[in-house]
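Here the structure comes first, spelled out in structure tokens, and everything after it is commentary.
Residue numbers begin at 1 in each chain, while the letters A, B, ... track the order of the sequences.
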Amino acid sequence: MINVNNMSKKYGKLVANNNINLSIDGGELAVLLGPNGAGKSTLIKSICGLLRFGGSITIDGHENHTTEAKRLLGYVPEFPVLYPMLTVAEHLEFIAKAYRLDNWKQNAKELLRRFELDDKNMKLGKELSKGMQQKVSVCCALLPQPKAVVFDEPLVGLDPHGIRELKAVMQQLRDSGCALLVSTHMIESMEENWDVTYIMVKGQIERVCRRSEIKAGQSLEDVYFEITEGHPEDTRHE
Amino acid sequence: MSSLAFLLIRSIKNSLLELLHKPAKLVLWIAIIAMIVGIFVLSTSTRQSAGSILDINWLKGILFLLVLFFVVMAIQKGLANGDTIFDMSDVNLLFVSPVNPRMILMYGIVRMAKIAFLAGFFILFQSNTLSNVFGVGFNAVLLVLLGFILAVCLLQIISLLIYSLSNGKPARKMVVRFISVAVFLPLIIYICIQLLQTNAPLAAVENTLHSSIITWTPVAGWASEGIVSLISGNMGNGFLFLGLIVLSGALLILYIVLSNPDYYEDVLVATETSFEKKRIISEGQINTDATSMKKVKVSKTGIVGSGASTIFYKHLRESFRANKLGLWGTSSIIIIFSAALVARFMSGESGGLLMILQILMWMQIFFIGTGRGLKEVYMHYIYLIPESSFRKIVWSNLELAFKVLVESLAIFFIAGYILGESSPLIILAIAVYTLFSFLLLGINYLSLRWTGADLSTGLLTFIYTIAVIVIMLPGLITAIFVGRMYGGIGVLIGLGILTIWELIAALVCFALSKGILHNCDMPVFKPGSQR
């Protein structure tokens, strides 16, 4: 569903992403891990068509800048940026009308209920806390019922209910055949759901690890520290 | 070396070293300095022939209004959060360190002077205007800047003090409001009396400017009188009033230091608010509505449209919610009123409408960026909507195009009527102004497309401004050249040529920036720094 081939991105002389290859099928949840400055957000923004890049990125076979690809893709940015003068309900209405969605109201209502926003319908974007804004941002991304969803640090700022609900939503999306790419530093939050992990270091994918490949008793966190620091045990027991 | 001196010196040193690592920024600063020197040379070479056109007291009036604007801002800030004289890094590192709080306050005040200088930087570019209008030289510009810095520093201290005294005390806030009005009451009464006596607004203003009432009005009056006295060579009066500002500032600092050494809490809210605004901007929220404290009443709701057109209807909903007049806010009213006022002053003289057009076009270069359409490219939504890039750009700028068209109709019909100008001239002025805005949008997108938006905001603005001048020059030169050949109707022909040029140039700019939403990095607002 999401295919990244030989993708590179430079900012002046700085190589943020170097020859990245990544593939996520429908019904697969991929976790993107890496230390700060590894190039995860750059990769995610490139997939969503927000940055120029070298190489190719396709969504279900469509080049990522095409309207077909955009119709299939949902994006939850790292920082939830809402329109300060629109209410929560109007954000969803805006997305529904801009994406030309039919029969969207029931879906919108259900999303708002799941994220405990049903009583915040008339609240303006600027009146919401950061966590609430993040929830609205998730609702906006999921309203068009995309076939591929990219999450950039989606759990930051969410309350425990929001975290639980979002994890449940991710599970449901995966079960329904949606391809998911989640960039996060909260490794333990992804332990239950992940299928494949891409670990990035200094703009490159250092390791691709499938759940079936890890040893018994080994956690995602162990795999991560093994790649980034080389001493999983030392770090784990600190 | 003390920690505070180290901080100050190291900050300056690092700022200079940063220039060496960022050649583009260095070029920008060299260009700015070259422009200031150029303006200085131009003003000294044209001064002898120009002579004094307007009474220097009018300069006093302009300076009074300028400082008055900052007075109102300072009082508002003081009643809300106080003024920012520290950074969040100062709060986190300095406030918890074992350094005397009074010394830290002094450090904050030294930093404050730097902010005041930057706020008054634009004054350095006014040399030519001051030379032509008042017949004064570059030394006068430096005096204006000095007086302005002193006034702004004093106002920042006043703002801090107002917050310190009135924070969480509604009764005291009322007293501050009462005093703020009372201070200007004698001046208001004096102007009203003059209006009744003379029955001529211009004469009333002129009499007020010559009166001691305006001179003794705190801060704005002191600063304007001090500056104008020094420019006129009345050194005693100049030093008296500027000295009054310095003395007031010193006394207020002394009061803060002696009465409230534990001032950290008073500056904390302002610093945190300022930091939060910067953080929100750096996270992609450049819409000023997001940080506005203004209460918004939600009555009508809902968005119409389908596909790309939804962006336009969303803009309408946002604008009407933010402002009862919708697309036309207070700034539109001020511009229309100011143009009418200038027209009233210029009544009977030739070229009044062209002068208004020229001023408004200059202003539009910088105001065009305040439209919602351009702000959309800083948010991810417009990139993800599954519609063609062209349709999204057109619909997202329709609000601004409509706003400018209606504004220009009001501005030029009213001003043209007051000036008694012909209908063709008024219509052509509307066309030139509206199409110029259209061209500016095109140049904005072209600048983003060409640079890939991977530049600091300052440098991007500089490139954009140079692009506007370069693109407009062929049209302007042709319009002036051809217009002069035809005598009486030459102005109309010249404006006609300019209109056609703007239309062609705008279409070319839009064509060249085609696919901007596909071929450009989503810009990040970078106030002076690069990634």
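- For A/L50, the parts lying under 4.5 angstrom from a heavy atom of chain B are both the backbone and the side chain.
- A/V81 and B/M379 make their closest contact through CG1-CE, 3.2 Å (heavy atoms, listed as atom of the first residue, atom of the second, distance).
- A/L51 and B/M522 make their closest contact through CD2-N, 4.2 Å (heavy atoms, listed as atom of the first residue, atom of the second, distance).
- For the side chain to side chain contact (heavy atoms under 4.5 Å, CB included) test with B/P386, the passing option among A/R100, A/K70, A/E68 is A/K70; the others fail.
- The side-chain heavy atoms of A/L86 and B/I303, taken from C-beta on, include a pair separated by under 4.5 Å.
- Heavy atoms closer than 4.5 Å to chain B are found nowhere in A/L72, neither backbone nor side chain.
- Proximity to chain B is limited to the side chain of A/K130, based on heavy atoms less than 4.5 angstrom apart.
- Taking CG of A/D152 as the start and NE2 of B/H380 as the end, the distance is 11.0 Å to the nearest 0.5 Å.
- Using a 4.5 Å cut-off between heavy atoms, B/S319 does not touch chain A at all.
- Using a 4.5 Å cut-off between heavy atoms, B/I311 contacts chain A through both its backbone and its side chain.
- Each ring-ring contact (aromatic ring centres under 6.0 Å, His included) pair with one or both residues in residues 12-67 of chain A, not counting sequence neighbours, appears once here: A/H65-B/H518.
- B/V298 places none of its side-chain heavy atoms less than 4.5 Å from the side chain of A/E127.
- For the atom pair B/L384 CG and A/R71 CZ, the distance stands at 12.5 Å (nearest 0.5 Å).
- Under a cutoff of 6.0 Å and an axis angle of 45°, B/K314 and A/Y83 form a cation-pi pair.
- Ionic pairing of A/E90 and B/R321 is present here: one or more N-O contacts between side-chain nitrogen and carboxylate oxygen are shorter than 4.0 angstrom.
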- Task: Let me see the working for A/Y75 and B/Y383 under ring pair (Phe, Tyr, Trp, His ring centres under 6.0 Å), right down to the final yes or no.
- Result: CA-CA 11 Å; A/Y75 168 53; B/Y383 297 86; over 10 Å; no

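- A heavy-atom distance below 4.5 Å is not found between the side chains of B/T310 and A/Y99.
- Here the closest heavy-atom approach between residue A/E93 and residue B/G302 is recorded as OE1-CA, 3.3 Å.
- Taking the six-membered ring where tryptophan is involved, the planes of A/H91 and B/Y381 are tilted, since the angle between them lies from 30° to 60°.
- Heavy atoms of other residues, nucleotides or ligands lying less than 6.0 angstrom from NZ of A/K147 number 12 at most.
- Other residues, nucleotides and ligands place more than 12 heavy atoms under 6.0 Å from the CG atom of A/D175.
- By number of non-hydrogen pairs under 4.5 angstrom with chain B, the leading residue of A/E78, A/K123, A/K9 is A/K9.
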